[in-house]
Amino acid sequence: MLAVSVEGMSAASPAQLADEPASKQLTDGHRREWEEYWASDSEEHDQNGPAEALRQLLEDHRWLLPRGRCLVAGCGRGYDALYLAKRGHTCVAVDFCDTAIAKAQKLLDSADVLPGKLTFAVQDFLTLRPPLRFTLAYEYGLFSAIHPSQRQQWAETYARLIVPQGTLIVLLYPLIRRGQTPPYRVTMAECEVYLKRYFVLVRVDPNCRCTEGHEGNELMSVWKRL
């Protein structure tokens, strides 16, 4: 299965950036920062496996998820998407970083997954417009990875992509620290401000099992589309 490049952007000079919309400058700047992160082989965000809080939700708490199409937004190296696909979900996983998707595709190529169960694509989540909507969406840290000025668009995009009564899983990180570069510090209250118009909160776990090194710095939330 091939990774699909949906929307590529080349680097621009300062002079070119000055003539571009602020939103595009924002996207390009974030892309460069995240490309550098994924190229570094750092394990800060996935530690070569699915998020512990996601595994806890589905395996320990036996939370039932709807079947149908699943979106994994800001998928990074693809471990969470692969985990969901192995549990039977048909997943589309997107990230706007070519480096992340190349590594995710390499992971998929060596995995035992039925053909068609998982597709990786280079795509900016905020501009994603698939032909069909999703019954389930999941993210780990995308809310903190985007610029704070894009959070309203983030919520509107999920509302547009998820069917009524569909499920959105948002694993928040980081709740502590960070400065002027992503990922930005986030809170549950901030997340709720943006989602409450479109979703109802059905589960929140501030004591979820965290990825090693993230203890006390993650929060699991589950939402239902109105």
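What you see below is based on every heavy atom in this structure, not just the backbone, and it leaves out hydrogens, waters and symmetry mates. One is the number of the first residue; the rest follow in order along the sequence.
- For the pair Tyr83/Leu58, a side-chain contact is recorded, criterion being any heavy-atom separation below 4.5 Å from C-beta on.
- Put simply, OG1 on Thr135 and CG on Leu161 are 12.0 Å apart, with the number rounded to the nearest 0.5 Å.
- No side-chain heavy atom of Leu219 sits under 4.5 Å from any side-chain heavy atom of Leu171.
- Put simply, the side chain of Thr119 does not reach to within 4.5 Å of the side chain of Thr90, judged on heavy atoms.
- By the criterion of side-chain heavy atoms lying less than 4.5 angstrom apart, applied directly or through intervening Ile, Leu, Val, Met, Phe, Trp or Tyr residues, Leu142 is grouped together with Leu126 in one hydrophobic cluster.
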Stepwise ring-ring contact (aromatic ring centres under 6.0 Å, His included) test for Tyr194 and Trp154: CA-CA 8 Å; Tyr194 293 102; Trp154 169 87; 7.2 Å; no
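- When atom types are taken as modelled, the side chain of Glu215 and the backbone of Gly213 share a donor-acceptor pair closer than 3.5 angstrom.
- Put simply, Leu195 and Leu128 are part of the same group of oily side chains (I, L, V, M, F, W, Y) that touch within less than 4.5 Å, one to the next.
- Side-chain atoms of Leu54 and Tyr140, non-hydrogen and from C-beta on, never get closer than 4.5 Å to each other.
- Checking side-chain atoms of Lys117 against main-chain N and O of Gly88 turns up a donor-acceptor pair under 3.5 Å.
- Between Val122 and Asp95 there is no side-chain heavy-atom pair separated by less than 4.5 Å.
- Of all heavy-atom pairs spanning Gly216 and Cys210, the tightest one is N-SG, 3.8 Å.
- Here the closest heavy-atom approach between residue Lys86 and residue Asp112 is recorded as CE-O, 4.3 Å.
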Under the side-chain contact (heavy atoms from CB on, under 4.5 Å) rule, what do Thr167 and Trp223 come out as? Steps first, then yes or no, please. CA-CA 6 Å; Thr167 297; Trp223 305 77; over 6 Å; no
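- Tyr184 approaches Ala145 most closely through the heavy-atom pair CE1-O, 4.4 Å.
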Walk me through whether Ser40 and Glu36 qualify under side-chain hydrogen bond (donor to acceptor under 3.5 Å, both in side chains). CA-CA 6 Å; Ser40 73; Glu36 290 172 1; over 6 Å; no
Show me the donor-acceptor pairs within less than 3.5 Å that the side chains of residues 199-206 make with the rest of the protein, sequence neighbours left out.
residue	atom	partner	partner atom	Å
Arg203	NH2	His61	NE2	3.3
Asp205	OD1	Asn207	N	2.9
Asp205	OD1	Cys208	N	3.2

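- Between the Arg69 side chain and the Leu132 main chain, a donor and an acceptor come within less than 3.5 Å of each other.
- Using modelled atom types, one side-chain atom of Glu190 and one backbone atom of Thr187 make a donor-acceptor pair closer than 3.5 Å.
- Heavy atoms only, all atoms of each residue included: Ile101 and Ala93 are closest at CD1-O, 4.3 Å.
- When atom types are taken as modelled, the side chain of Ser221 and the backbone of Val170 share a donor-acceptor pair closer than 3.5 angstrom.
- For Phe134, there are no ring-ring contact (aromatic ring centres under 6.0 Å, His included) partners, not counting sequence neighbours.
- Looking at Ile146 and Phe125, their side chains never come closer than 4.5 Å, going by heavy atoms from C-beta outward.
- For the side chain to side chain contact (heavy atoms under 4.5 Å, CB included) with Glu218, the lone residue among Leu175, Thr211, Ile176, Leu172 that qualifies is Thr211.
- The two residues Tyr173 and Pro183 make their nearest non-hydrogen contact at CE2-CG, 4.4 Å.
- Here the shortest heavy-atom pairing between Ala51 and Asp80 reads N-OD1, 2.7 Å.
- Both cation-pi conditions hold for Arg151 and Phe143: the charged atom is under 6.0 angstrom from the six-membered ring centre and inside a 45 degree cone around its axis.
- A distance of 7.5 Å separates OH of Tyr138 from CG of Leu84, quoted to the nearest 0.5 Å.
- A salt bridge links Asp60 with Arg209; the closest basic N to acidic carboxylate O contact falls under 4.0 Å.
- Using a 4.5 Å heavy-atom cutoff, the side chains of Tyr198 and Glu156 are in contact.
- The line from CG of Leu118 to CD of Gln105 is 8.0 Å long, rounded to the nearest 0.5 Å.
- Residues Met220 and Gln56 have side chains not in contact (no heavy-atom distance under 4.5 Å, counting atoms from C-beta outward).
- How far CZ of Arg197 is from CD of Glu192: 15.5 Å, rounded to the nearest 0.5 Å.
- Rounding to the nearest 0.5 angstrom, the gap separating the NZ atom in Lys196 from the CG atom in Leu226 is 12.5 Å.
- Under a 3.5 Å cut-off, the side chain of Arg225 and the backbone N or O of Ala159 do form a donor-acceptor pair.
- Heavy-atom contacts from other residues, nucleotides or ligands closer than 6.0 Å to CD of Glu59 number more than 12.
- Atom SG of Cys97 is separated from atom NZ of Lys103 by 11.0 Å, given to the nearest 0.5 angstrom.
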